[in-house]
2 protein chains.
Amino acid sequence: MPRGRTRDEDARDRVLAAAFSLVGSSGTEQVSINAIAEEAGVAKQTIYRWWPSRTAVVLDALVEGTMKATPFRETDDIRTDFEHHLAGVVKLFNSPSGRVIRELLAEAPSDPQIAEEFVARFWGPRRDLSLARLQRGIERGEIRADIDEEVVLDAIYGPMWIRLMIGHLPMKPVDATRIVDAIWPGIQVAD
Amino acid sequence: MPRGRTRDEDARDRVLAAAFSLVGSSGTEQVSINAIAEEAGVAKQTIYRWWPSRTAVVLDALVEGTMKATPFRETDDIRTDFEHHLAGVVKLFNSPSGRVIRELLAEAPSDPQIAEEFVARFWGPRRDLSLARLQRGIERGEIRADIDEEVVLDAIYGPMWIRLMIGHLPMKPVDATRIVDAIWPGIQVAD
DNA sequence: TTTCAGCGAGACTAGAAGTCTCGTTGTTCA
DNA sequence: TGAACAACGAGACTTCTAGTCTCGCTGAAA
C-alpha cells in the first residue's frame, strides 16, 4: 500500500457526473475545465492529476454513464433483436448522451489519442456485439454467408450516426424498423 | 458603383486555396487564422473583412473546391449510377477534401450557423441529387414506391460518413459496390 | 506521530481567435 | 487632375481557455 492520502473516489465520480451533465446539456459553451471543476466542487489540479485532458474526462464520463445502454437482446428472432437494438441507439442519441458523443467525436480529428480510445472503449465493444449477433445469424443459416459483415454493420448504424453528426433530419424510433426493413432483404437467406 | 478600392478577388482566391490546403494536409494543427493569412500573403483583417470566422472560410473553400466532385451519372441503369456516385464519394472522402469535411463537421456542434450552412450548401444539394435519382427510379417502376426515401438515402451514404467520422475502417472503392449490394434487394421492385 | 500523496484555491503561462489602428494603395467621380 | 473613400498589409492589442505551478492543508499508512 502506498503512503500518503488515497484518491478521493467521490471526487472522481463528481467530476465525471459534472462533465457529462455540462457537456450533455450546454453544448460545449460553458463547458470549460473550470466550469467542470466548479460544478464538481473540485480543484482543477485534481482533474489534471487523473486525466490527461478535458476530453479524456468526457470520454470516461461517456463510457461510464452509458455502460448499460443499447443492450443486445438474444432471442430466436435476430431481425427483431436488431430492431430492438437500433431503437435503443435512437433513444441514446436523442438523450444527453447523444450530444456528448457528438462533442467527443468533434474532438477526434485534432486528438488521435481520443479517436483511438473512443473506438476501443465505446464504439468497438458495441459494434462487436452486433457483429457477433450477425455471425450467429450466419451460423444458423438465417443470414447469407457471402455478405460483407463490416459494410452491413455500417449500413445498419450509418443512418443514425449520419443524422447525429450532420443533423439534417431527426431520429425517430420508427426509423429503427425502417432501417432494418431496408437492409434485411439484402442479407437474409432467400426462402 | 461604390467609391473606394474594390475587393481583391485574387486575394480571396488565395485565402480559400490556403485554407483548403492547410486544413486538408495538416490536421487542424498549424491551421490558425494567422497561418492561413501568412500562407495566402494576406493580412488577417482582410480575412475578417469578408468572412465572419475561420470556419466560414473553410466552408467556402470546401464548397468552391468540390463543386464538381461526385457527379451523378444519368443512365438507364440506376443501380450502376448509384455505384458510380458512391465510388466518387469514396474518392472524395479519401482525398484532402475528406479531412476538410471532417474538420468542418467537428466545428458544427459549437457553431450552429456553420452546421446549417454545411447542410444548405454542401450536403443538401448532393443529397437532393440522389433523392431525385431515387424518385425517378420509383416513377419508372424500378424502385419500390413504399420505401422511406430519407432512410434509404441515409443507409446508402451512412457507411461512408460513419467511416469518415469515426475512422474505424478504411474506405475502399469496392465498398461502393458492396453498399449498393446490401441495399438494393430491399428497395428494388421484385421481378 | 511522522511521512507523504491527494486535496482546494488560485496565480500563472501559452497560444489562438478576433478587434483595432495606421499608413498605403487603387478606384471612382466631380 | 485631384479629392473622397474603401480595401489593403502590418502588426499591436484584448480576451478567453487549456493546462501548469505553487501553496498550505488534510488524512491515511507505517
With sequence neighbours excluded, residues passing side chain to side chain donor-acceptor pair (under 3.5 Å) with B:D181
B:R79

Can you measure from CD1 (A:I143) to CZ (A:F82) and round to the nearest 0.5 angstrom?
7.0 Å

When the ring centroid of A:Y157 is compared with that of A:W123, is the distance short of 6.0 Å?
yes

Can you check salt bridge (Lys or Arg N to Asp or Glu O under 4.0 Å) on B:R73 and B:E83, steps first, answer last?
CA-CA 10 Å; B:R73 225 165 43 176; B:E83 281 184 33; over 6 Å; no

Residues in residues 101-110 of chain A with a heavy atom under 4.0 Å of DNA chain D, by number, are none

Quick one: CG on A:L104 to CD on A:E107, what's the gap to the nearest 0.5 Å?
7.5 Å

Is NZ or CZ of A:R14 both nearer than 6.0 Å to the six-membered ring centre of A:W50 and within 45° of the ring axis?
no

For atom CD1 of B:I36 and atom P of D:dA10, their distance in whole Å:
16 Å

Is a donor on one side and an acceptor on the other found under 3.5 Å between the side chain of B:D8 and the backbone of B:A11?
yes

If the condition is ring pair (Phe, Tyr, Trp, His ring centres under 6.0 Å), which residues does B:F118 pass it with, not counting sequence neighbours?
B:F122

Within residues 43-54 of chain A, residues whose heavy atoms come under 4.0 Å of DNA chain D
A:K44, A:Q45, A:Y48, A:S53, A:R54

Between OG1 of B:T55 and CD of B:E117, what distance do you get to the nearest 0.5 Å?
10.5 Å

Given DNA chain C, 5'-ward residue of the pair B:N34 and A:A40, judged by closest heavy atom
A:A40

Polar side chain donor-acceptor pair, A:S53 to A:Y48, under 3.5 angstrom
no

Atom CD of A:E38 and atom CG of A:L22: how far apart are they, to the nearest 0.5 Å?
10.0 Å

Parallel under 30°, tilted from 30 to 60°, perpendicular over 60°: which one fits the rings of B:F72 and B:H85?
parallel

Check: protein-nucleotides 1-5 of chain D nitrogen or oxygen pairs below 3.5 Å:
residue: D:dA4; atom: O4'; partner: B:R3; partner atom: NH2; Å: 3.1

Start and end of the DNA chain C segment that chain A contacts, any atom under 4.0 Å from a heavy atom
C:dT3 to C:dA9

I'd like to know if the side chain of B:R144 reaches the main chain of B:Q188, judged simply by a donor and an acceptor atom lying under 3.5 Å from each other, with no hydrogens or angles considered.
no

